[in-house]
Amino acid sequence: MDLNRMWSSNRPLKKSYDAVIIGGGVHGLATAYYLGKRGVRNVAVIEKRYIGSGASGRNTAIVRANYRTSEGIAFYAESVQLYEALSKELNYNVMFSQQGHLTLGHSDRSMNTLRERAETNRLMGVNSTLVGPEEIRRMVPPINIDHHTRTPILGALYHPPGGIIRHDAVVWGYARGADRMGIELHPFTTVTDIRVEAGAVSGVVTDRGEIQTRAVLNATAGYCSTIAKMVGVDLPIVSHPLQALVTEPMKPFISKVLVSSNLHVYISQSDRGEFVLGAEIDPYSCYSTRSTLPFLEGCAGHALEILPDLHKVRVLRQWAGVCDMTPDFSPIIGEVEEVKGFYVDVGWGTYGFKAGPVAGYRTAELIATGKVPDLIKPFALNRFHEDRLVGEKAAAAVSH
Ligand code: PYC
């Protein structure tokens, strides 16, 4: 009997698949799931560790679509729509709590940026408005709107559809859904090389044997450059740690996601009552996922400027993940021009989890049909050679 209740385990690797997905996080699993729904089911998902062990299990589970560029807004808006329907789609409760998302501005400069985002969001049909300090306090009574602080709150970008989700449930739901369609999940399997013949992918070498395939998707986070190098492709990516922490659980205290565009801190309260906090990426590039005391001090200090009543709440746990940053703070999605059959869904910086459904849905469409969906065209790798950047830095408030 298979003791793993969610999906089949310990399957042998087959000699060939129609597609091999490297990375068993939300992006790889969502792509597998939507490939399955399109009838492409001879697919293997290869994951180096356990399912959901990378960025998918390390993020702070914020979902929103209030980006800056028309390309980014359209893309994330579809992701929010897919998230809204996901519990029903997967028949698995992903606990999407659309409680609303406030990006606080503490300077004229940041208020101008938030105003520009509100306008562009509305033009693209995404619900975002600017609100003032009194309205913010009505929504979040414990917030400190005192004007005499170092970083007074001048206003906020309010995005009602934004919220938080149970990130493990999303991963498990997609994994279970893919498994039920016959797609194979292979955790604890390491890809050591990718075979290329006459400019096209021909196979994948793993520590459990070699597989033939004509389609490989690099859906990894943290190590996407290492995988891309296996086919001779250099990605314009620098990896940085991103840290987070969770406190002991409290009674319901805030019912909105709070993000500060100047202090680079974000705070939400989970359904269990814990406060989940994070900060900007660490200022150095490395692959370490060790937690640090300076992060704890800085993040707690910034959070207390916004919510002083948290001062006696105890921190339970810290953790970190690795974020792949691109020069324009947008992802890289599509088939790589130089190597036929090599697809990437990478460069997700600090904004990957919220994009899992749309990235999976559209990447599956690309692999299954060979046609590039309009929504992912702007994120092709060649934009860096063609001067077509999609600048999202101002809307990725924690990636500076
Ligand atoms: O982009 O909303 C975001 C985010 C929150 C935490 C990390 N990134």
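The structure displayed is predicted, hence computed values, not measured ones. Residues take their numbers from the sequence shown, with the count starting at 1. Excluded from the calculations below are hydrogen atoms, water molecules and symmetry mates; all remaining heavy atoms, backbone and side chain alike, are included. Whatever order the structure lists ligands and atoms in, that order sets their numbers, starting from 1.
Shown here are the side chain to side chain contact (heavy atoms under 4.5 Å, CB included) partners of S255, two or more places apart in sequence or in another chain: there are none. For N382, the side-chain hydrogen bond (donor to acceptor under 3.5 Å, both in side chains) partners are E337, R388, not counting sequence neighbours.
Checking I194, I211, D193, T190 one by one against V205, the side-chain contact (heavy atoms from CB on, under 4.5 Å) holds for a single residue, D193.
Considering both main-chain and side-chain atoms, R64 comes within under 3.5 Å of ligand 1 through a nitrogen or oxygen pair. Residue T350 places at least one N or O, backbone or side chain, under 3.5 Å from an N or O of ligand 1.
Heavy-atom proximity to K354, at under 4.0 Å, picks out these atoms of ligand 1: 1 (O), 2 (O), 3 (C), 4 (C). For ligand 1, the atoms closer than 4.0 angstrom to any heavy atom of I62 are 2 (O), 5 (C). Applying the 4.0 Å criterion to heavy atoms of T60 picks out, from ligand 1, the atoms 6 (C).
Taking a cutoff of 4.0 Å between a charged side-chain nitrogen and a carboxylate oxygen, D179 and R176 do not qualify as a salt bridge.
The line from CZ of F295 to CG of L242 is 7.5 Å long, rounded to the nearest 0.5 Å.
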